[in-house]
Amino acid sequence: LMTWNIAVSTAAKVNGIAAALELYNDMIANNVRPDVVTYSTLIAACRQSKQWQKALHLLGEMERRCVAPNVVTYTSLMACCQEAGQWQEAMQIFRRMEAAGVEADVAACNSLMSACSHSLEWEKAWAVFTGMQRLGVTPNTRSYNILIRACERCGEWQRALELFRRMQRVAQQPASVVQPNTITYNILISACAKSGRWEEAEALYRDMRSEGIMPDEFTLSSLLSACERSGICTQGMELFEEMQALGVQPNRVCYNCLLNALASSGKWQDALTVFDKMRRSRDLSPDVVSYSALISACERGGEWQRALDLFEQMQAEGLQPSAKIFAVVINACEKGGKWKTAVELFRFMQACDIELE
RNA sequence: GUAGCCUAUAGUGA
């Protein structure tokens, strides 16, 4: 049975829920009785493919086969309720769990809070957090992360910061299971990035470093995104180097963020350098976003010929120019007085069935 | 030795 369960789990991870369900059917055909682990694995896999209905169906099947769900099953089920507005379903599952006499643990509470967070119900998430004490459950790092994220999502920034401070205080207590981590800081930094608060983002990053918490690709891309929105790029370049020295391997998103920051500062030469480095030193192939940023940078610098060359180059690489890229290239040609080319591009765009906003 | 929670609207044109 355990061998089957391992196979189901592996199939779900590698080939998705459909493959896992096939194995499940094979189990039954071979007269192997699936247990609670089998079902929990399958239900957890439904989350990946956002198959909330399938998860519920599996719960029904469990009951039909007289397999009792445990706390892991319910937690996985609640984790399937992260589509907007499904917090009430998650609440129902939680109550059902309690009614079945299954005790909630910290993961179950976290899963419920997370469902509330995705439904933009920070007050509900908060109520769950408060209720944990009553259930004899101690909030952990993830609990705080979820609640901070819930507040941040709902625009309750002050509350998010207060929670963060509380988290830091709780972390000081002996044998505390709470410790701000990379994700905690990433949530806060990306919130700052979204509203272009570079200084605050940078300050958080410095705190993070002084606490000895390692940044990752998300930290870097969030900070670079903050740079872009604040029209700063030299500090972004520095951060890019600094993080590599710390062992962060910038991925494509990081490069794209840096390219965007350079583009919005009009640094097309630097953007070209970064673009080449992305290819050569990291072996990352540029995507439509990369080209979009680079072409914008050239357009802003009046480099219409270069913009056109890049436009051709991306197509030679099999990339389909987006509406934004067409707009930028056409604009570049107009600025360069290349009316004829601009008109040709416009026709080509229409032939590609792309419309401008 | 097998299953669950922060992980994806935590990060780029979107």
Side-chain angles (χ1 to χ4, degrees), chain A residues 1-10 12-13 20 34-45 47-48 50 69-80 82-84 90 104-115 117-118 120 125 128 137 139-150 152-153 180-194 201 215-229 250-261 263-264 286-296 321-325 327-328 357:
Chain A
L1 176 60
M2 189 151 55
T3 313
W4 279 100
N5 284 344
I6 293 169
V8 170
S9 169
T10 310
K13 280 185 192 114
D35 68 355
V36 64
V37 173
T38 320
Y39 284 106
S40 300
T41 305
L42 290 169
I43 290 172
R47 187 184 158 204
Q48 258 63 57
K50 296 182 178 167
N70 65 12
V71 66
V72 175
T73 320
Y74 288 111
T75 303
S76 310
L77 206 50
M78 288 188 284
C80 295
Q82 304 206 336
E83 302 268 306
D105 64 7
V106 66
C109 295
N110 288 347
S111 193
L112 179 58
M113 280 202 288
S114 183
S117 172
H118 282 90
L120 303 180
V128 174
V137 174
N140 62 14
T141 301
R142 290 182 185 212
S143 316
Y144 279 91
N145 286 349
I146 295 166
L147 197 53
I148 289 172
R149 173 76 175 124
E152 181 274 310
R153 269 195 170 114
N181 62 14
T182 303
I183 293 181
T184 315
Y185 279 96
N186 286 353
I187 291 169
L188 295 169
I189 290 173
S190 71
C192 295
K194 266 178 232 150
D216 64 7
E217 303 76 28
F218 286 96
T219 322
L220 178 56
S221 57
S222 304
L223 284 164
L224 292 171
S225 170
C227 284
E228 187 216 323
R229 297 202 166 94
N251 59 20
R252 188 182 283 111
V253 174
C254 295
Y255 274 97
N256 288 349
C257 288
L258 181 59
L259 287 170
N260 277 318
S264 66
D287 63 4
V288 180
V289 180
S290 322
Y291 273 103
S292 180
L294 187 57
I295 292 173
S296 299
S322 60
K324 184 193 157 139
I325 291 181
V328 170
E357 289 88 43

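Proteins come first, then strands; the chains are lettered A, B, ... in the order of their sequence lines, and each starts at number 1. In this text, all values refer to a predicted model and were calculated from it rather than measured experimentally.
Nucleic acid contact class of A/Glu217 (heavy atoms, under 4.0 Å, all strands): base. Using a 4.0 Å heavy-atom distance criterion, A/Thr75 is classed as a base contact. Among the heavy atoms of the strands, none lies under 4.0 Å from A/Val8. Counting non-hydrogen atoms under 4.0 angstrom, A/Ser111 reaches the backbone sugars and phosphates but no base. Nucleic acid contact for A/Ser322: base, since at least one base atom lies under 4.0 Å from a heavy atom of the residue. Counting non-hydrogen atoms under 4.0 angstrom, A/Ala44 reaches the backbone sugars and phosphates but no base. Among the atoms of the strands shown, only primed sugar atoms or phosphate atoms (P, OP1, OP2) are found under 4.0 Å from some heavy atom of A/Ser76. Residue-level contact check: A/Asp105 touches the bases, meaning some heavy atom is under 4.0 Å from a base atom.
Side-chain atoms of A/Ser190 lie closest to B/rA10 of the nucleotides B/rG13, B/rA10, B/rA3. Considering only side-chain atoms of A/Cys257, the nucleotide from B/rC6, B/rU12, B/rA3 that sits closest is B/rU12.
Within 3.5 Å, a donor on the side chain of A/Asn70 pairs with an acceptor on the base of B/rA3, or the reverse. Not a single donor-acceptor contact under 3.5 angstrom links the side-chain atoms of A/Asp287 to the base of B/rG13.
Counting only distance, with no hydrogens or angles, the side chain of A/Ser111 and the backbone of A/Ala107 share no donor-acceptor pair below 3.5 Å.
Consecutive pairing runs in RNA chain B never reach the stem threshold, where a stem means at least three Watson-Crick or G-U wobble pairs with distances under 3.5 Å.
For B/rU7, the OP1/OP2 oxygens have no side-chain nitrogen or oxygen of A/Gln48 closer than 4.0 Å.
Where stacking is scored as ring centres under 5.5 Å apart with planes under 30°, A/Phe218 does not register as stacked on the base of B/rG11.
A/Lys194 and A/Ser190 share no side-chain donor-acceptor pair at under 3.5 Å.
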